[in-house]
Each structure stands twice: as structure tokens, then as C-alpha cells.
Amino acid sequence: MTTELDSIVGSARDAFAKAATPADLENAKAQFLGKSGRVTELMKGMAQLSVEEKKTRGAAINVAKQAIESALNERRQALADQELEAQLKAEALDVSLPGRLREPGGLHPVSLTMERIEQIFASMGFDVADGPEVESDWHSFTSLNNPPNHPARSMQDTFYVDIKGDDGIPYNLRPHTSPMQVRYAQAHVKKYEGREMPEVRVIAPGRTYRVDSDATHSPMFHQCEGLWLGENVSFKDLKVVFLDFCRTFFETDDLQLRFRPSFFPFTEPSAEIDIQFQSGPLAGKWLEVAGSGQVHPNVVRNMGLDPEKFIGFAFGMGPDRLTMLRYGVNDLRLFFDGDIRFLRQFR
Ligand code: DAH
């Protein structure tokens with residue numbers, strides 16, 4: 001009898017060992033411990049035995065059953081371990097592999113210039129204003145003393161959009177930041193209505209658009225407008241402010257300024273502002289950096305101010321150009337190509 005039970009336990013062990021998967025193992029278990037498994041059959045076979053025989057036989061069968069169960073559990077554990085090991089192997093990480101470097105980002109060179117311009121003018125008491133890039137005809141031109149059919153309109157090749165304003169004239173992609181002079185001054189007047197109004201002192205940096213494209217022109221470019229209006233603001237103040245700005249921006253006192261007579265509809269008189277470095281790679285050349293002038297009385301009127309009382313100057317400069325001069329870049333298009341090899345040099 002012992003040998004019979006031993007051989008059942010032995011063949012259970014063999015069957016469990018052969019089971020390669022948990023499902024195989026459960027099938028093998030059924031053969032021994034299931035409803036009609038071999039151990040269960042043995043139990044059923046005890047029915048005819050005497051009470052004494054039942055005791056010894058039952059105990060022996062239980063020992064065998066426990067041996068089979070513990071063999072089963074051992075195999076279950078072994079299979080689970082195997083599975084885990086296979087999974088770990090499949091998901092193996094090579095911790096010696098160098099990680100993928102994520103380079104730190106940085107500001108675009110033109111953004112660096114914009115921030116610099118804002119900081120310098122803010123330190124001189126100028127407000128910094130933002131305005132719409134899709135602009136009405138009145139703001140871009142008419143309010144700036146440049147009415148429809150005026151020849152000065154052809155100074156700028158303007159993009160128009162398919163939306164018409166109340167005046168029936170299409171909106172445009174602003175060709176300059178000058179409309180911000182009027183927008184800001186109007187808002188300023190409104191803000192201080194009925195109170196004593198401080199001088200209007202503002203810069204308005206931003207994107208501008210023209211039908212223009214070559215090494216020094218891009219259809220999208222940047223401008224920064226400046227406006228200073230008060231009861232006693234003159235060209236002398238413009239010269240001081242602009243010279244101070246240029247010397248701070250380029251970090252040199254070795255720099256001269258020159259006003260060259262020019263024409264803009266929104267200023268009278270008007271001047272181009274040129275600068276000249278006295279040393280360095282650009283020394284000796286006059287470089288045009290801004291348009292400027294005394295704000296035209298018609299523009300002052302359109303701002304909602306009395307031109308008999310308010311006088312001052314405006315200027316418009318090109319931050320792209322300033323960036324090229326500051327860093328010695330000779331092709332404007334590099335700023336807009338998005339080539340990381342170029343851009344990372346400014347990080
Ligand atoms: N808006 C002019 C341009 O785009 C630049 C300019 C000239 C702005 C004279 C001004 C100014 O404010 O007074 O060419």
C-alpha cells in the first residue's frame with residue numbers, strides 16, 4: 001500500500017515537473033487532486049473498509065495528499081519565479097547607457113534685443129505697450145497723417161486681410177508700430193480724463209509686416225516705436241534719450257549720433273537717426289538705426305490732444321537691425337530660419 005501511495009506521489013511530482021506553464025500545472029493537479037483524480041479515487045475506495053482500517057489508510061492517504069500539495073505549491077512558486085525572471089530579462093535596462101541630453105533652451109537673439117530695449121527705456125521712465133498686429137487702415141495710416149491716396153502710402157508695401165473695417169477699408173498687417181502712438185496716447189488721455197495727465201512716454205515693440213524679402217528684409221520683422229509728448233519736449237530730448245539708449249544698448253560710449261533730414265507723414269520735421277562707432281569692426285561707418293521726428297500736429301490732434309499744448313517726438317527703430325549690429329550677423333534671414341546651430345550661440 002505504501003508503495004502504491006509512494007508511486008502516486010512520485011508520478012504527481014513527475015507530472016508537476018513536466019508542466020511548463022501554470023495552465024499545464026493546473027491540469028496536472030486535476031489528475032491527482034481533482035474530483036476524479038487519483039487521490040480522490042483512493043478516498044472513495046475506503047468506503048468498504050472497517051473503522052480501524054479507515055483510520056490507518058486515511059492517515060496514509062492524507063500524508064500522500066499533503067506531499068502532493070506541497071509538491072504542487074513548490075512547482076507553482078518555481079513557475080512564478082521563472083515568469084518573473086523572463087519578464088525582468090525582457091524589460092532589462094542598460095543603466096550604463098548614457099541618457100538622452102535635453103539641451104537647456106534660450107531666448108532668440110531678437111527677443112534678447114527686445115528685452116534689452118524694454119529694460120533700457122523703462123529705466124528712463126518709458127511705459128512698454130503692446131498692440132494688435134492686424135490693424136485698421138485709420139490706425140496704420142490715416143491717423144498718422146497719411147490719408148488714402150496720399151503718395152506716402154507707397155513707402156510701404158502693405159499686406160491687407162479679407163476683413164473690412166467700419167470705413168469699408170480692409171484691415172492690414174501693420175507695416176510699422178507707429179499706430180501704437182495713437183492707440184497708446186488715446187488710451188492715456190482716456191485714463192487720465194478729468195485728472196492731471198502725466199506726459200506720454202512709451203515704447204511699443206512688436207512684429208510688423210511688409211511685402212519685402214531679401215538678405216536685409218523679411219516679410220515679418222520687428223519694430224519698436226517710441227513716443228514722448230509733453231508741454232515742453234524737444235529734439236534736444238530726443239537726442240539725449242536716443243544717444244543714451246544707443247550707448248547703453250551697445251555698451252560703449254565710443255559712439256556718435258547724427259540726424260539726417262528725411263520725410264515721414266507723421267512727423268515734421270523728420271530725421272533718420274544714424275550712429276557711428278568710433279572703434280571696433282564697424283568703426284567709421286554711419287549706420288541708419290531709426291526714423292524719427294517731431295510729432296505732426298495732425299497726429300497730436302488724432303490722439304485727442306491739443307497740438308498747441310502738446311509737443312514731442314516719436315521714433316521707430318528696427319530691433320532686427322540692432323541685433324545684427326550688436327552680434328555682427330550679416331544676413332537677416334538667419335534669425336527666421338530656426339537653425340539650432342545658429343540660435344544656440346546666443347544661449
Ligand atoms: N514708421 C516708420 C517706418 O516704419 C518709422 C518711423 C519714422 C517711426 C519716424 C516714427 C517716426 O515714430 O517718427 O519706417
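Remember, it's 1-based here, ligands and their atoms both numbered in the order they're listed.
- With hydrogens left out, the protein atom closest to atom 12 (O) of ligand 1 is Glu225 OE2, 2.6 Å, a heavy atom.
- In this model, a donor atom of one side chain and an acceptor atom of the other lie less than 3.5 Å apart for Glu272 and Ser262.
- Using a 4.0 Å heavy-atom cutoff, Gln223 is listed among the residues neighbouring ligand 1.
- The backbone N or O of Asn302 lies less than 3.5 Å from a partner atom in the side chain of Gln186, making a donor-acceptor pair.
- Nearest to atom 8 (C) of ligand 1 among the protein's heavy atoms is Gly316 N, 3.3 Å.
- The backbone of Ser292, and not its side chain, has at least one atom closer than 4.0 Å to an atom of ligand 1 (non-hydrogen atoms only; backbone = N, CA, C, O).
- Each of the following atoms of ligand 1 lies closer than 4.0 Å to a heavy atom of Gly293: 13 (O).
- Heavy-atom separations between Met317 and ligand 1 are all 4.0 Å or longer.
- Shortest contact from atom 4 (O) of ligand 1 to any protein heavy atom: Arg210 NH2, 2.7 Å.
- Of all the atoms in ligand 1, the ones that sit under 4.0 Å from a non-hydrogen atom of Ser178 are 1 (N), 8 (C).
- The closest protein non-hydrogen atom to atom 2 (C) of ligand 1 is Phe266 CZ, 3.8 Å.
- Contact check on Glu74 versus Arg13 returns no salt bridge, with no Lys/Arg side-chain nitrogen under 4.0 Å from an Asp/Glu carboxylate oxygen.
- Residue-ligand proximity, Phe264 to ligand 1, at heavy-atom distances under 4.0 Å covers atoms 7 (C), 9 (C).
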